[in-house]
Student: 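Have a look at this one.
Numbered from 1 within each chain, the chains take letters A, B, ... in sequence-line order.
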Protein chains: 2
Amino acid sequence: MRESCDMRGFLSFIVLRLISKKNMSGEELREELKKRKGTKPSPGTIYPVLKSLNEGGFIKEIKDSGKEKKYKLTKSGQKELRIATRKFCEIFYDMKDELGRHCD
Amino acid sequence: MRESCDMRGFLSFIVLRLISKKNMSGEELREELKKRKGTKPSPGTIYPVLKSLNEGGFIKEIKDSGKEKKYKLTKSGQKELRIATRKFCEIFYDMKDELGRHCD
DNA sequence: ATACTAATATCGTATATACGATATTGGAGT
DNA sequence: ACTCCAATATCGTATATACGATATTAGTAT
């Protein structure tokens, strides 16, 4: 996960958040993102992100039935998610009203 | 502003949002982003964004005293912001609780 | 008018996120 | 065992956002 000042880390952030709620595979993530955004991210988008988060030690593969590989957060991933969430809130603190209005 | 499926449009989104609340110059935007994120985006980050939003017709230069150039949203920019806000809320609808908790 | 300075603008470079296309892999079913 | 398919993985390419360095510009002050 990036530490610098740019805005590019959001896909990793979303993936960490989704996995923190429920252990998920690449395909499940693609489905969930389709629900949220209307379009399904291509395999070339999601699998490199999972690879990078895995190599960074933020998520860990768990064996599941079938050929799916599910991932769960590691301790380090939980910590990273807390940090990223705080940053997100600092940047977007004033989106609270809109989120309430649009999404109830 | 981008229409596709990626996550990269957030700096433009934030800039549109800030300008929608108050006409702002590049320096004022840098200051506000510093407040929110802790680091001030470099000139090489913010001015190209303003240029691109201006060329896209989303913001418009207004003459101010001094050498500052302030920008205001155009009608097209207002519309774009509404669309982008809805998308943002669809993606991050479940951040509502965190935003409430962290930022009150 | 000239020098100074803050704001703006541009340049080269780096990287995360994106895509579509293609390759690989591992269970399922025959 | 072999084929098939869905899930995963990789490749080449494109673009927005990032930086630091440098250049330009327009008021300010001397």
Side-chain angles (χ1 to χ4, degrees), chain A residues 1-16 18-19 23-34 36-56 58-71 80 84 87-88 91, chain B residues 1-16 18-19 23-34 36-56 58-71 80 84 87-88 91:
Chain A
M1 195 85 84
R2 307 189 76 266
E3 269 304 312
S4 77
C5 182
D6 68 16
M7 300 276 116
R8 284 173 297 171
F10 284 110
L11 183 57
S12 298
F13 174 61
I14 293 170
V15 166
L16 278 188
L18 292 175
I19 292 179
N23 298 337
M24 286 176 99
S25 66
E27 281 306 304
E28 288 175 308
L29 288 163
R30 292 181 69 208
E31 276 304 324
E32 179 60 29
L33 286 163
K34 179 185 164 76
R36 294 186 180 225
K37 301 198 301 167
T39 55
K40 203 168 173 171
S42 98
T45 297
I46 201 73
Y47 292 106
V49 170
L50 288 172
K51 186 183 181 188
S52 144
L53 288 172
N54 188 39
E55 285 171 357
F58 301 121
I59 61 176
K60 187 166 61 174
E61 195 179 325
I62 52 176
K63 235 354 199 188
D64 196 51
S65 63
K67 53 207 147 189
E68 281 196 340
K69 286 162 66 174
K70 295 214 178 192
Y71 289 94
E80 188 65 22
K87 282 194 180 179
F88 182 94
I91 295 170
Chain B
M1 196 83 88
R2 309 188 73 269
E3 269 303 311
S4 77
C5 182
D6 67 16
M7 300 276 117
R8 286 173 295 170
F10 284 110
L11 182 57
S12 298
F13 175 61
I14 294 170
V15 166
L16 278 187
L18 293 175
I19 293 179
N23 299 337
M24 288 176 100
S25 67
E27 281 307 304
E28 288 174 308
L29 287 164
R30 291 181 69 208
E31 275 305 323
E32 178 61 28
L33 285 163
K34 179 185 164 76
R36 294 185 181 226
K37 300 198 299 165
T39 54
K40 203 168 172 171
S42 97
T45 297
I46 200 72
Y47 292 106
V49 169
L50 287 172
K51 185 183 180 190
S52 143
L53 288 172
N54 189 40
E55 285 171 358
F58 301 121
I59 61 177
K60 188 166 62 177
E61 196 179 324
I62 53 177
K63 237 348 197 193
D64 195 52
S65 65
K67 53 205 149 191
E68 281 196 339
K69 287 162 65 174
K70 294 215 180 193
Y71 289 94
E80 189 65 21
K87 282 193 181 180
F88 182 95
I91 295 170

Student: Any N/O pairs under 3.5 Å between the protein and nucleotides 25-30 of chain D? List them or say none.
Tutor:
none

Student: Rounded to whole angstroms, how far apart are NZ on Lys34(B) and P on dC19(D)?
Tutor: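 Whole-Å distance recorded here is 12 Å.
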
Student: Rounding to an integer number of Å, can you tell me how far Ile14(B) CD1 sits from dA16(D) C1'?
Tutor: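 So the two atoms are 13 Å apart, to the nearest Å.
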
Student: For the side chain of Tyr71(B), starting at C-beta, report the closest nucleotide among dT17(C), dA9(C), dT8(D).
Tutor: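 Taking heavy atoms from C-beta onward, the closest nucleotide is dA9(C).
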
Student: Measure the CG-CG distance between Asn23(A) and Leu18(A) for me, rounded to the nearest 0.5 Å.
Tutor: 12.0 Å

Student: Of the candidate nucleotides dT10(D), dA7(C), dA7(D), which contains the atom at the shortest distance from the side chain of Tyr47(B)?
Tutor: dA7(C)

Student: Please report the shortest heavy-atom distance between Tyr71(B) and Ile62(B), naming the atom on each side.
Tutor: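 What the structure gives for the nearest pair is N-CG1, 4.3 Å.
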
Student: When the distance from CE of Met24(B) to C1' of dA7(C) is rounded to whole Å, what number comes out?
Tutor: 15 Å

Student: Nearest 0.5 angstrom please: Lys69(A) NZ to Lys60(A) NZ, how far?
Tutor: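 Reported value, rounded in 0.5 Å steps: 14.5 Å.
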
Student: Please determine if a side-chain N or O atom of Thr45(B) lies less than 4.0 Å away from the OP1 or OP2 oxygen of dC19(D).
Tutor: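 Result: yes.
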
Student: Over how many whole Å does the gap from Glu31(A) atom CD to dA7(D) atom C1' extend?
Tutor: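 Going from CD in Glu31(A) over to C1' in dA7(D) covers 13 Å.
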
Student: Figure out the CG/P separation between Leu50(A) and dA16(C), and round it to whole Å.
Tutor: 15 Å

Student: Respond yes when some side-chain nitrogen or oxygen of Lys51(A) is under 4.0 Å from OP1 or OP2 of dT10(D), and no when none is.
Tutor: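 Lys51(A) to dT10(D) OP1/OP2: side-chain N or O found under 4.0 Å.
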
Student: Given dT17(C), dT10(C), dC19(C), which nucleotide is nearest the side-chain atoms of Pro41(A)?
Tutor: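 Looking only at side-chain atoms, Pro41(A) lies closest to dC19(C).
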
Student: Give me the one residue out of Ile14(A), Leu50(A), Leu53(A) that meets side chain to side chain contact (heavy atoms under 4.5 Å, CB included) with Ile19(A).
Tutor: Leu50(A)

Student: For residues 26-33 of chain B, please give each side-chain donor-acceptor pair under 3.5 Å, one per line with the distance, not counting sequence neighbours.
Tutor:
residue: Glu27(B); atom: OE2; partner: Arg30(B); partner atom: NH1; Å: 3.1
residue: Glu27(B); atom: OE2; partner: Tyr47(B); partner atom: OH; Å: 3.1
residue: Glu28(B); atom: OE1; partner: Ser25(B); partner atom: N; Å: 2.9
residue: Glu28(B); atom: OE1; partner: Ser25(B); partner atom: OG; Å: 3.4
residue: Glu28(B); atom: OE1; partner: Lys70(B); partner atom: NZ; Å: 3.4
residue: Glu28(B); atom: OE2; partner: Lys22(B); partner atom: NZ; Å: 3.4
residue: Glu28(B); atom: OE2; partner: Lys70(B); partner atom: NZ; Å: 3.3
residue: Arg30(B); atom: NE; partner: Pro41(B); partner atom: O; Å: 2.7
residue: Arg30(B); atom: NH2; partner: Pro41(B); partner atom: O; Å: 3.3
residue: Glu31(B); atom: OE2; partner: Lys40(B); partner atom: NZ; Å: 2.8
residue: Glu32(B); atom: OE2; partner: Arg36(B); partner atom: NE; Å: 2.9

Student: How are the rings of Phe13(A) and Phe88(A) set relative to one another: parallel (under 30°), tilted (30 to 60°) or perpendicular (over 60°)?
Tutor: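 Because their plane-to-plane angle is under 30°, the rings of Phe13(A) and Phe88(A) count as parallel.
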
Student: Base, sugar-phosphate, or nothing: which does Gly26(B) touch, judged by heavy atoms less than 4.0 Å apart?
Tutor: sugar-phosphate

Student: Whole-Å distance between dT8(D) C1' and Asn54(A) CG?
Tutor: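 Rounded to the whole Å, the gap is 13 Å.
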
Student: If you compare all heavy atoms of Pro43(B) against all heavy atoms of Pro48(B), which two are closest, and at what distance to 0.1 Å?
Tutor: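 Here Pro43(B) and Pro48(B) meet closest at O-CD, 3.6 Å.
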
Student: Looking only at the side chain of Pro43(A) (C-beta and beyond, no hydrogens), which of the listed nucleotides dA21(D), dT10(D), dT17(C) gets closest?
Tutor: dT10(D)

Student: Rounded to the nearest angstrom, tell me the gap between atom CD in Glu61(A) and atom C1' in dA7(D).
Tutor: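 Nearest whole value for this atom pair: 12 Å.
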
Student: Mind calculating the distance between CD1 (Ile46(A)) and P (dT10(D)) to the nearest angstrom?
Tutor: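 Whole-Å distance recorded here is 15 Å.
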
Student: Is the distance from OP1 or OP2 of dA16(D) to the nearest side-chain N or O of Ser12(B) less than 4.0 Å?
Tutor: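 Answer is no, no contact under 4.0 Å.
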
